[in-house]
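Take a look at the structure below.
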Protein chains: 2
Amino acid sequence: MPPALPADTSLRTQVYDSLRDSLTSGKFVPGQKLTLRFLAKALGVSLMPVREALRRLVAEGAFEMRPNRSVRVPLMTRAKILELRDIRLAIEGLAVEKAAAVATKEQIARVRRIALEIVAARDVGDNVTDRKKIREYHFALYAIAEQPTLLRMIEGLWLQTGPYMNLLYPKFISSSRGPEGRTRLLRALQAHDAAAARREIERDIGDALTFVADLADSAGNIAPASPVAAKRRRAPSKAPATKPRGVPLFQRAERL
Amino acid sequence: MPPALPADTSLRTQVYDSLRDSLTSGKFVPGQKLTLRFLAKALGVSLMPVREALRRLVAEGAFEMRPNRSVRVPLMTRAKILELRDIRLAIEGLAVEKAAAVATKEQIARVRRIALEIVAARDVGDNVTDRKKIREYHFALYAIAEQPTLLRMIEGLWLQTGPYMNLLYPKFISSSRGPEGRTRLLRALQAHDAAAARREIERDIGDALTFVADLADSAGNIAPASPVAAKRRRAPSKAPATKPRGVPLFQRAERL
DNA sequence: AATGCATTTTTGTGATCACAAATCGGGAAA
DNA sequence: TTTCCCGATTTGTGATCACAAAAATGCATT
């Protein structure tokens, strides 16, 4: 075992991880505005670590900074989703090509194992596990390529599309998305057929994001059916109870 | 004219721009370690804006943060350069494809004008202008696609490869790099021939970064012939004179 | 001369504060 | 009711400080 490299324990990193997690698991709603002091209080830290974590997420495109310097979860348009789709096709396509070229039997077996877990989760209708395993499946695949910079970029792209991937459930998932594509992909890996592997992953990503893009309203905006009502409600909305000291929890959009 | 959106005047952004500029113009040497206090003093600001700017650059891959939490300009290996090359082929290839599909006569004319400026700079051996115009040429091209996220990603990639692009001069540039490729690219744009346009840009990027990668020593490391001596010199090296209040200036690697 | 250890210095991190700009609130005028 | 304006509040920004970890330095020992 390697000498156990120290791992980053800075508050900044903990906050970063927490925010990232909240983002991908749908605890933040697109369009939601975030203030430093609110997040700092919610996480029980000072402004400092929140500032740094937030800045990093802005740099990665996970949040956007408005000209007035306030930070919010990006609101997507149809065009933006399609742009991200094409980028993901290019980048993740490249990753599977490289993976296919070098994949070992053990690596392929590991990916297959995760593919089976997806089927299992889907069988029982467990969408949360489903999404988690989908992510695990893709990243196990990309990791095979051993291209650290490429992997980091893919993580950034997933972070940007993340808040919108909830829109795939349950309609898109239940309709016509069986395990066949993944089976074909695994076969391509075994044959070291880079072109075929790319074809499969492109179909996967392309279908999903095209579906999301097609949810755009006539103005081109995509507003996920969200826990936040369409119109801002001035309802009494009880005061934030007591300080939610627990780290990974956030209340949703206290105002749009 | 649009209502002149406010433009970010924060110190953090100024520092960011300054560091970015120093990085792409070769004022920092790969491997150079940077301390917050040194940069803050050099730029005449407090630690705060430097911290935020550095963090952003780390998030973008322009700097790397070592486990000991110190920041330095990344040292590239041959494998890393080749990885970046392939990513750039994929991403910038995608951008020119999209650009070729929608380019107008005026946009093409603008790119052609810059291409001529490259030839002019090269004729008189002005490498600095050459590099600046090369960048301008590429980004004018990519901007045609009108894909903001894609453009941001390309900027990030250029930032990462930037410190190593100096290695192309003068040997690579003078040998066999005429304006023919750019002429063919412009022709492809006019014909809206996306595939041909991609082919040209891929040759351009591929040749350059393959050349850089081939400079790797036997250990796979790439250490540019730099203004900093190979071995750290303990020479008297006069004290940093007076505080270099001017913003965009940095002294080079005061220690490796 | 080379090595190991203790001390000093440097450096990143996080908290707190002051300030200016942005936002929100309510009341007056249309 | 709607619009506009002014005051109060919120919010991001940058500076400064305290502290712990890391690095550098000096010295004694082998």
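Protein chains get the first letters and strands the later ones, always in sequence-line order, with residue 1 at the start of each. In this text, all values refer to a predicted model and were calculated from it rather than measured experimentally.
Here A/N68 reaches the OP1 or OP2 of C/dT23: one of its side-chain N or O atoms lies under 4.0 Å away. The shortest distance between the side-chain N/O atoms of A/R69 and the OP1/OP2 oxygens of C/dA22 is not below 4.0 Å. For the pair B/R55 and C/dT13, the criterion of a side-chain N or O lying under 4.0 Å from OP1 or OP2 is met.
The overall bend of the helix from C/dA1-D/dT30 to C/dA30-D/dT1, read as the angle between its terminal helix axes built from five base pairs each, is 20° when rounded to 10 degrees.
One donor-acceptor pair, N or O on each side, does fall under 3.5 Å between the base of D/dG14 and the side chain of A/R51.
No side-chain heavy atom of A/P49 sits under 4.5 Å from any side-chain heavy atom of A/Q14. Put simply, the side chain of B/D21 does not reach to within 4.5 Å of the side chain of B/D17, judged on heavy atoms. The side-chain heavy atoms of B/I144 and B/V102, taken from C-beta on, include a pair separated by under 4.5 Å. You'll find the side chain of B/W158 reaches within 4.5 Å of the side chain of B/E92, heavy atoms only. Looking only at side-chain heavy atoms (C-beta outward), A/R55 and B/R55 stay at 4.5 Å or farther from each other. Here the side chains of B/I114 and B/L141 are not in contact, with every heavy-atom distance at 4.5 Å or above.
Set against D/dT13, C/dG14, D/dT11, the side chain of B/S10 has D/dT13 as its closest nucleotide.
Remark on DNA chain C: of its neighbouring residues A/S70 and A/S46, the 5'-side contact belongs to A/S46, judged by nearest-heavy-atom nucleotide. Residue order along DNA chain D, read from the 5' end via each residue's closest nucleotide, puts B/P49 first among B/R37 and B/P49.
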